[in-house]
Amino acid sequence: MNNGRIARIIGKVSVPCLLLGLLFFAASLTPSLIPRGPAVQGLLGGLVMAIGYLIGQIVALLWRAADLPQLSGRPANFLTTVIALPLVAFFLWVLGSSLRWQNDIRGKMGMEEADALQLATILLIAFTTSAVAFALGRVVAALFRLIRSRFYRVMPPRRANVLGFIAVVIILFVVTRDGIVDGVVTGLDESYETAQELFENAPSPPGDPRMAGSAESLIDWASMGKPGRDFITSGPSSEDISAFTGRPALDPIRVYVGRANGETPEARAELALDELIRQGAFERDVLVVASPTGTGWMDPGSHDPVEYMHGGNIATVAVQYSYLQSPFALILETRTGLEQATALQDVVHGYWKTLHVDARPRLYVHGLSLGAWSSMHATNMFRLLDDPIDGAFWVGPPFPSAFWNHVQNQHNPGTPWVLPEIGDGSLIRYASHTADASEAAAEWGDMRIVFLQYSSDPVVFYDPRSLWRAPPWMRDPPAEDMTEHFIFMPVVTQFQLALDMALSFGAPPGHGHAYFAEDYIGPWVQVTAPPDWTPEDTQRLKAHCNVGYQLGCANGQR
């Protein structure tokens, strides 16, 4: 292949567009919520550099289409130099500060600091990523020219340009949706269904007839799936609880219905209700209606402590809606989770309302991550007006959650976005790794709602509008595990936060999206008000959880 042909394939590189791409690359080196290693930084930098170049090309195309004046020759070169000089200065400043900024976040999260920036690795990966993106762009451009040339034969050029563009968009949509996306979804669903160990791979069912999945149970053990079986067979026994509290205790009731246990959300919800009634769950003091994460996982760091608090006099019910991990379920199976949580709350709350107020358990709803979103969606305030639940505890609510967004925007002026105050705190309070929701201007009312959210959790604080404006939390003084060196850059900040979401599941416990036992305990005390519970009991339970086992997102599939 001769040099002329290579030049035609690559096309003329636009220096102004390249400068915009380099600006985006430099901005990608600034810190966000989660620290980044060199490989991840290289991918991010290469991607945003390609996007910056593409934006520049689109602006130039629109400029030419509008027939606006264009500079050339010496004026163009002078303007390019004027723009390039401060850009180079900004790039060098960011390059010299990037390692210090990243280590600042690492230090605040208790992580080991990096010794070097590893710029060579970053540049190599960034260049490769940009080159691949550039090549894909050239392929799409070639496809457009090919289709447009066919349209030129039968219609005027302007109409051919418009229809050619529409045709390329349709082709790309069909290929990605019906080809790539469908293949990915099918593969993910099959792989995670295999991981559920359904049917022939299931272990022996429990021998205790009181347990869900036993021979006496209404729920088929093999169809329950591994997350459900783990939830049913784990957790503290009455002996464990008695050893901790020094008082007699009951075996907690746990009911779990797997996705394969019923054909529809309503059928699975009715099955869960029937099993609750069989086990006498409505005779306990506390009943928790929980929504699992995407794979159906139930975080032991949340459910074990609350069973200790109430001496085992508690029942918990959950129904699985997906086999996919939460990020995929959030995108691909959104309605499924919302419909399942709604069906479960409808039947449980509906039955609960028929019981005498003095002869029924206190009713709470709970969810983590995607489970928090579905639980909030299911908690229809209009349905609860005549006979409300006792409270809700939602952990790591994803940013699209409508109810969470509504509450966040009611925060008292002057209170931080990551840990706001709502009214006098008699209905809604917030907790984090530095606050347990115990402090408020007023005492609790009849209903208690607590949000637990870490200030460095991008699943909670990702903001789609960061495409063009700084997120609200970036304008506040930084929280304890946030950097003070945020620099907002349109488009780039959006991609930084999107990457943060993927990295947040592997953050150290107590940061990012890695919620763990110690931080659940205080909020559970506030929401459920266990009788005769003291602050000393809270500290003992935290120590017990930390010494006895390590809990949290890092130990389970989300």
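When a residue number appears, it is its place in the shown sequence, counting from 1.
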Legend entry - Polar side chain donor-acceptor pair, Y430 to E421, under 3.5 angstrom: no
Legend entry - Side-chain heavy atoms of P292 within contact of Q340, under 4.5 Å: no
Inset, instruction - Assess the side chains of S214 and E216: does a donor N or O sit below 3.5 Å from an acceptor N or O? - result: no
Inset, instruction - Starting at CZ of R540, measure out to CD1 of I521 and round the result to the nearest 0.5 Å. - result: 11.5 Å
Inset, instruction - Would you sort out whether D537 and T534 count as a side chain to side chain contact (heavy atoms under 4.5 Å, CB included), showing the intermediate values? - result: CA-CA 5 Å; D537 291 328; T534 67; 3.1 Å; yes
Inset, instruction - Check whether the side chains of W524 and S302 place a donor and an acceptor atom closer than 3.5 Å, and report yes or no. - result: yes
Inset, instruction - Just jot down the salt bridge (Lys or Arg N to Asp or Glu O under 4.0 Å) partners of D390, sequence neighbours excluded, or say none. - result: none
Inset, instruction - Please check if the side chain of D500 supplies one atom and the backbone of L33 the other of a donor-acceptor pair under 3.5 Å. - result: yes
Side-chain donor-acceptor pairs under 3.5 Å in residues 437-451, sequence neighbours left out?
unit_1	atom_1	unit_2	atom_2	d
S438	OG	D436	OD1	2.6
W444	NE1	Q526	OE1	3.1
R448	NH1	Q526	O	2.6

Legend entry - M474/T493 under side chain to side chain contact (heavy atoms under 4.5 Å, CB included): CA gap, chis, key distance, verdict: CA-CA 11 Å; M474 194 175 279; T493 297; 4.0 Å; yes
Inset, instruction - May I ask you to check whether Y308 and H544 place their ring centers less than 6.0 Å from one another? - result: yes
Inset, instruction - Verify side chain to side chain contact (heavy atoms under 4.5 Å, CB included) between F393 and Y364, making sure each step is shown before the conclusion. - result: CA-CA 8 Å; F393 180 27; Y364 301 93; over 6 Å; no
Legend entry - D230 with R254: basic N within carboxylate O range, under 4.0 Å: no
Inset, instruction - Please indicate whether E480 has more than 12 foreign heavy atoms, meaning atoms of other residues, nucleotides or ligands, lying under 6.0 Å from its CD. - result: no
Inset, instruction - Determine, stepwise, if the pair Q496 / V492 fulfils side chain to side chain contact (heavy atoms under 4.5 Å, CB included). - result: CA-CA 6 Å; Q496 286 179 321; V492 176; 4.2 Å; yes
Inset, instruction - Determine whether P205 and M211 make a side-chain contact, defined as any pair of heavy atoms from C-beta on separated by less than 4.5 Å. - result: no
Inset, instruction - State which residues pass salt bridge (Lys or Arg N to Asp or Glu O under 4.0 Å) with D251; sequence neighbours excluded, sorted by chain then number. - result: R210
